[in-house]
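So the structure is just underneath, and the comments pick up after that.
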Amino acid sequence: MAFTPDEILLIKNGELALKGLNRSTFEAVLLKNLRRRLKGVGNFSLRKSQSTIYVEPLDEWADMDEAGRCVSQVFGIAAYSRAKVVAKDLAAIQEAAPVYLADMLRDAKTFKVESKRADKTFPYPSPEISREVGGAVLSAFPHLRVDVHDPDVVVHIEVREAGAYIHTRQLPGAGGMPVGTAGKAAILISGGIDSPVAAYMMAKRGIALTAVHFASPPYTSERAEEKVCELLRQVSHYAGHIKLLVVPFTELQEAIRDNCPEELFTLVMRRMMMRIASTVAKNEECGALITGESLGQVASQTIPALACTDAVASLPVFRPVIGMDKEEIIRIARKIDTFDISIQPYEDCCTVFTPRHPRTRPTLDMLDRAEEAWDWQSMVARAVENVRLVRL
Ligand code: ATP
Ligand code: MG
């Protein structure tokens with residue numbers, strides 16, 4: 001006998017801001033991302049009809065709670081609901097609606113029923129479905145009153161080709177645009193709190209991510225790299241697959257220590273990162289760089305310091321957390337479950353040779369002079385050449 005699911009998920013992408021992006025591309029990418037995200041959770045069929053995507057389990061092993069959680073992490077979805085599947089039979093719908101929504105109806109004072117008959121062979125028109133189901137709800141919960149303007153609970157009934165569905169409250173989706181609809185960019189990921197949040201925020205705008213991490217062994221440990229992998233695995237629940245490239249950075253850091261004024265260590269290092277990341281990103285067909293910099297947070301994140309790092313980047317640099325307080329960044333880090341990973345104490349290359357008194361108002365002149373007397377060009381080329389792909 002064919003398997004009939006008890007519940008399904010209905011995804012409404014409703015009124016998307018689709019300026020400049022055509023709807024069919026948007027929906028095709030969204031469906032692909034949803035399929036990939038649901039793969040580990042069970043067998044589902046995904047169907048699109050009008051503006052709704054139906055996620056139907058194909059066997060009894062599918063975990064609907066887990067599927068709901070996955071769907072809530074896919075960008076491009078404003079809201080979704082979980083619905084009861086019933087036979088296309090008015091008496092069956094009348095019986096099922098008060099039972100399925102009992103918890104909500106019990107706590108409500110007012111309700112209304114909204115019906116949609118997409119299957120015109122169903123013998124009852126929408127207003128009649130609403131009236132009949134409304135009657136059944138009232139008999140089951142006599143304390144309720146109908147309020148068509150501002151009800152506490154809206155009972156939705158949809159009669160479609162494949163079956164009838166009962167649902168109510170919409171759950172919030174992750175919003176944003178489907179990952180992959182806005183091109184690709186390289187996230188400079190450190191292991192700190194800010195860069196995973198920056199990655200998440202740009203993925204939300206539809207950007208697919210490649211990650212670039214600078215490692216300086218033996219000053220930084222293998223464990224620090226594993227932490228970056230862990231962070232990226234977490235971000236990929238939202239951002240989809242992320243390719244991680246690790247750049248060997250020791251030679252450059254030691255050369256900076258040996259050749260540059262101490263007060264400029266961090267800035268020269270950041271410029272080297274930007275140069276290397278720009279080339280690596282272009283090789284990976286990325287159109288921009290992303291960092292977790294926040295204005296004024298540390299000496300290298302003042303306006304003059306950022307101007308000096310931007311000057312050597314050959315791609316646009318996106319800094320989605322630039323205007324956020326640490327508290328706001330942490331709130332997002334907690335929401336996406338990267339915070340607890342980020343606060344594990346492993347040395348990052350930024351903390352390897354930290355100047356005691358870093359310059360907060362550097363000029364391009366100072367930096368040009370600091371970079372004049374030694375051959376960083378060949379070291380940058382070597383770093384790019386020796387970039388290592390790491391499986392997450
Ligand atoms: P985070 O919490 O992301 O580490 P931060 O406030 O500690 O940020 P910095 O350490 O100064 O700031 O780094 C600023 C940004 O530079 C980071 O957000 C990240 O994008 C990038 N970055 C820093 N260190 C690395 C690294 N080892 N590899 C790749 N990118 C890095
Ligand atoms: Mg850091």
Side-chain angles (χ1 to χ4, degrees), residues 185-202 209-217 219-229 231-232 234-235 242-250 252-253 256 265-281 286 288-302 305-306 308-310 312-313 315 317-330 332-334 336 338-355 358-360 362 383-384 387-388 390:
I187 170 72
L188 279 73
I189 183 110
S190 62
I193 296 167
D194 307 331
S195 43
V197 170
Y200 162 85
M201 288 179 72
M202 294 321 298
L209 302 173
T210 291
V212 177
H213 175 67
F214 294 85
S216 300
Y219 305 103
T220 62
S221 66
E222 238 167 73
R223 195 60 192 78
E225 197 174 302
E226 177 48 37
K227 177 183 177 184
V228 167
C229 292
L231 284 169
L232 289 173
Q234 192 54 40
V235 173
I242 303 172
K243 179 174 178 181
L244 170 60
L245 297 169
V246 175
V247 180
F249 205 46
T250 315
L252 264 163
Q253 283 207 283
I256 293 168
F265 278 1
T266 309
L267 268 176
V268 175
M269 180 193 76
R270 298 208 50 77
R271 278 161 62 97
M272 296 303 162
M273 283 186 176
M274 289 313 217
R275 290 179 170 115
I276 295 167
S278 296
T279 307
V280 171
C286 292
L289 303 178
I290 304 166
T291 75
E293 287 160 311
S294 162
L295 193 69
Q297 201 187 80
V298 289
S300 61
Q301 296 172 18
T302 61
L306 293 171
C308 290
T309 42
D310 267 1
V312 297
L315 287 172
V317 183
F318 296 158
R319 298 182 170 94
V321 305
I322 193 74
M324 291 170 73
D325 294 345
K326 198 77 190 181
E327 280 313 310
E328 294 173 288
I329 299 172
I330 288 175
I332 299 177
R334 285 192 195 279
I336 64 172
T338 53
F339 184 75
D340 290 337
I341 308 169
S342 290
I343 58 175
Q344 293 171 18
Y346 299 103
E347 282 290 282
D348 183 72
C349 70
C350 287
T351 44
V352 170
F353 307 118
T354 321
R359 271 245 168 228
T360 54
V384 169
V387 160
R388 178 164 52 88
V390 174

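Remember, it's 1-based here, ligands and their atoms both numbered in the order they're listed. Heavy-atom basis, side chains included; hydrogens, waters and symmetry copies ignored.
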Going by the atom numbers of ligand 1, which of them fall below 4.0 Å from some non-hydrogen atom of [X]?
X: G292; answer: 17 (C), 18 (O), 20 (O)
X: I189; answer: 26 (C), 28 (N), 29 (C), 30 (N)
X: S195; answer: 1 (P), 3 (O), 18 (O), 19 (C), 20 (O)
X: M273; answer: 24 (N), 25 (C), 26 (C)
X: Q297; answer: 5 (P), 6 (O)
X: T291; answer: 20 (O)
X: V212; answer: 29 (C)

(message) Could you work out, with ring-ring contact (aromatic ring centres under 6.0 Å, His included) as the rule, every residue matching F265, not counting sequence neighbours?
(response) none
(request) Could you list the residues that satisfy ring-ring contact (aromatic ring centres under 6.0 Å, His included) with F339, not counting sequence neighbours? (result) none
(request) Using a 4.5 Å cut-off on heavy atoms from C-beta on, say whether the side chain of V247 contacts that of L245. (result) no
(message) Quick one, E225 and R388 - any side-chain contact, counting heavy atoms below 4.5 Å?
(response) yes
(request) Can you figure out which of K326, Q301, M274 has its heavy atom closest to atom 12 (O) of ligand 1? (result) Q301
(message) If you take the nearest heavy atom of each of R270, M269, E293, H213, which one is closest to atom 21 (C) of ligand 1?
(response) R270
(request) State whether the shortest distance between N or O atoms of I290 and N or O atoms of ligand 1 falls below 3.5 angstrom. (result) no
(message) Between ligand 1 and L188, is the shortest N or O to N or O distance under 3.5 Å?
(response) yes
(message) I'd like to know if the side chain of T302 pairs up with that of T360 as donor and acceptor (distance under 3.5 Å, no hydrogens or angles considered).
(response) no
(request) Without swapping roles, check the side chain of Q234 against the backbone of I336 for a donor-acceptor pair under 3.5 Å. (result) yes
(request) Please answer whether the main-chain N or O of G292 pairs with a side-chain N or O of S195 as donor and acceptor at a distance below 3.5 Å. (result) no
(request) State which residue, out of R271, R319, R270, fulfils the salt bridge (Lys or Arg N to Asp or Glu O under 4.0 Å) condition with D310. (result) R319
